[in-house]
Amino acid sequence: MSVGLITLIVLGLAVLGFIYGRHRALSAVEGDARHLHSLPSYYGWSVFLFTAVPSLLLMCAWLILQPSIIENRVAALVPEADIAAAGSLNLVMADVRRIAGGIDAMAKEAGLDEAGIDALRADLSDIRGRLAEVGVALGSNVGEPILNAAREFRSLNASMRMAMAVAVIVAAVAGLVFAALRINPALRARNLVEQFVLVLLVSCSMIAVATTVGIIVSLVFESWHFFQLYPAKDFLFSTTWNPKFGGGSSLGIWPLLWGTLYVSFISLIVAAPIGLLAAIYLSEYATPKVRATVKPLLEVLAGIPSIVYGLFALITVGPLLRDWIAVPAGLGDSSSSVMTAGLVMGIMLIPYVSSLSDDIINAVPQAMRDGSFGLGATHSETIKRVVLPAALPGIVGAILLAASRAIGETMIVVMGAGAAAKLSLNPFEAMTTVTVKIVSQLTGDTEFASPETLVAFALGLTLFCFTLALNVLALVIVRKYREQYE
Amino acid sequence: MNDMRIADRKVSTETAKMTARGVQVYYGENHALKDVDVDILSGTVTAFIGPSGCGKSTFLRCLNRMNDTVASARVLGEIKLDGENIYDKRVDPVTLRARVGMVFQKPNPFPKSIYENVAYGPRIHGLTRNKAELDEVVEMSLKRAALWNEVKDRLDAPGTGLSGGQQQRLCIARAVATSPEVLLMDEPCSALDPIATAQVEELIDELRSQFSVVIVTHSMQQAARVSQRTAFFHLGHLVEYGETGQIFTNPKDPRTESYITGRIG
C-alpha cells in the first residue's frame, strides 16, 4: 500500500470521525447545542484530530526510520570481499538498491512473477543484460550474494511497508474510538482543539529555530574537519588563494574577504544614498498619485532575478566602464571589475533601502511634523531635524539588511567581477568574493574529504560570522542613537 | 462661575492683533467653516468653545496656515496679522508660523533632549548668535513655561521621558522660545491630569503679558477661568463672540445658552 493511499484512508477515517463525533455530541444532549460545553463542530474536530494526527505522525516516524533499519539488515548479507572490491559499503549498498529497483522494473515490464524472481540465478540468468534492458545500467556483473541481498532488500521493504500500513490504520482507528468514546456534553472540546493548534504553532516555530541551529552546527562541524586538514593560521592569515585539487593549495581567505567587502562597499555607496533620498521624496514630497505609480515601479527592481542583473553587468556595464573609464584612465582593461559588480548590485539594492526606509519614514507620527511646522520650520528642516532622526534606527536597519544581501550575493559577482582572487585597491580590476568561491569549490565531481572542498564550509562559516557581527553592530547603533517618539 | 476664575477680566487694550473677515474653510466637498469674523486682541487670552466638529480647531489652524499642510483644505476670506493679509502670496507661511506659534492637543516633544527641544526654534530661525545666548533663551523659555526648576539638572535627558504635564509645558517652552507674537493652543490640557492642567492654566495667564493667546478648549470651566474673550462655534458658524463674563452669564444667542448650560453639545 502506498503512502498516498494510507494517508487517504486515514483522512477518510478522520472525516468519518468528525461526522460521528459531531453527531454523538448532539445526540447526547438531544439536539440542543446550548447544553454542550463547546460548539458541536469542536467535538467533531477533536475526533478528527485524534484520528489523523497520531497515526500520520507514526507514519512519518516509520518512513524516516525504515530505510536505516533495512540497510542494517541487508548490509549483514553482503560479504566482506564484495565491500573490499567496491571500495566501500556505501557503494555496494547503492548497487543493491539499484538492482532491487531493477528487479521491480523487470517484474512490471517483463511480467516476472515472484516465483520467477526467486528463480533468478546470478550465474545462470544474465542479470546485468536483463537489467540493462529495463534501464538500469550496472558497472560490473552481479554476484550471487549481491543478488540475494537485493532480493532480501525487496522483500524486507515490502513487508515493512505492509506492517506500516497496518500499524498506521490501527493507530487511526484506535484514536477514533478513543476520542469518540470520550465525548460527553461536559468535555471541553474547544480547549482540546485549541491545544492542538497551540502545539502546531509551537512546533512550526521550533522547526525554524531547529533548522537554523542545525545549519550552524553542520557548518561548524565541517569547518572543524577542514581545520584538521588545513592549518587555521594559513586560512585566516595567508593572502593567497590558490586551490589545487592535486594538493598543495594555499587557501588564504583574505583575497576573497577583501573582494566581498569591496564589492559590498561600492554597492552600498550606490544604494544607500539613492535609496534613502528616493524614500524621502516618496514619503514626504510626492503627491499620492505619483507615489502610487513610482513606488510599485521601484519595487519591480526588487523582483528582477539577480541573474538578469548579472547579464546587464556582463554585457552592458562592464564593457562601458572599461571603454569609457578604465582604459582612458589607464586603470586596466578588464571588463569584469569590482566597480561593475558593485554598481549593478547597488542598483539592485536601491528598492530594498528605499522601500523599507519609506515605510519607516511614514511611521513617524504626523504630530512630530506638525510640531515642527508649528514652530515655523520649513519642510526640509523638519525632515532633516525631526523626521530622519526619529526614523534613524529603522533606516540603519534597512541599510544593514541591504548590506547582508550584498555580502551574500553571488550571481552578479560571477558575471560582473569575474572569478580571480586578488588583493588590490584598483576598483577596475577583476576580483572575486567568498560566495563565488564557495560555488566554484563545490561544483563538479567532488568528494567531501579534501581541504579544497571542505574549505567551502569554513568560508560559509566566516560569512555567517560576518553577517552576524553586522547585525549585532546594527543593534548597538540603533540602541545608541534611538530617538523614541512614544 | 466667577469664583473659579483666575484671569482678570479687564482687557488692557482694545487693539486687534489679528482680524478675520468672512473666513470659509472647505475640506474637499465638506464646508467646515462658514463666514467667520473674529478679532483677536493683543495681550488677551481668547477662548474658542463649542461641541466637537464645530470648526473651532479648523479656525485655529487657519490663523497660522497649518491647514496648508492638509492637501484637501481650502481657505477663503481674509485673515490679517497686524494689518497684513496672511493668505497673501507674498507672505511665507513658514515665517508666519514663527510669528504665530502653536501648541498641540497631545504633547508632541521631539525625540531629542530637553535642551534641543527648546533650542529647535531659535536654531532654525537663527535667533541667537552664540551658545551662551542660546543657553539663555532656553533657560528663559523653560522658566516662563514653569518647567525650569524641574528639569534644570537634566537638560540632556530626552524630552519624551518627561511626564505628560511636563511634556506639554516643554512644548509651550518650545513655542515660547521662538518669541512668537500670537500663541495658538489646541486643547492643550485635554491629555493632562487636573494638577498639570492647573499649572498650564496659570502659565497661560502669565503668557498673556507677552503674547496674544488663543486657546481651543472643550472645558467651559477652563474657558471661564483663563480667558478674557470667548467665541462660541456651532456647526461651522461663529455663533457668538464677546467678553467671557458676558458669554457665560448673559449670552445673547439661545444656542450659546443651551451649550453652556449643557443642553446641546
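What you see is a predicted model, and the numbers here were worked out from it, not measured in a lab. Here is how names work: the chains are called A, B, and so on, in the same order as the sequence lines, proteins then strands, and each is numbered from 1.
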Which residues, numbered in order, of [range] come under 4.5 angstrom of chain A by heavy-atom distance?
| range | result |
| --- | --- |
| residues 178-187 of chain B | B:Thr178 |
| residues 119-131 of chain B | B:Tyr120, B:Arg123, B:Ile124, B:His125 |
| residues 169-176 of chain B | B:Arg174, B:Ala175 |

Item to check | Heavy-atom contact with chain A under 4.5 Å, split by part of B:Val103 | outcome: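 Looking at B:Val103, nothing touches chain A.
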
Hey, is [atom1] on [X] packed in by over 12 heavy atoms from elsewhere, all under 6.0 Å?
| X | atom1 | answer |
| --- | --- | --- |
| B:Tyr87 | OH | yes |
| B:Lys80 | NZ | no |
| A:Trp254 | CH2 | no |
| B:Glu136 | CD | no |

In Å, rounded to the nearest 0.5 Å, how long is the span from [atom1] of [X] to [atom2] of [Y]?
| X | Y | atom1 | atom2 | answer |
| --- | --- | --- | --- | --- |
| A:Gln366 | B:Asn108 | CD | CG | 10.5 Å |
| B:Lys112 | A:Arg385 | NZ | CZ | 7.5 Å |
| A:Asp370 | B:Lys106 | CG | NZ | 11.5 Å |

Checklist entry - By a 4.5 Å heavy-atom criterion (distance strictly below it), what part of A:Ser372 contacts chain B: side chain, backbone, both, or neither? => result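 For A:Ser372, the contact with chain B is made by backbone and side chain together.
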
Checklist entry - Nearest heavy-atom pair of B:Met66 and A:Gly374: which atoms, and what distance? => result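 Scanning both residues completely, I find the closest heavy atoms to be SD-N, 4.1 Å.
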
Item to check | Pairs satisfying ring pair (Phe, Tyr, Trp, His ring centres under 6.0 Å), at least one member in residues 379-413 of chain A, at least two apart | outcome: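 The answer is A:Tyr285-A:His379, A:Phe373-A:His379.
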
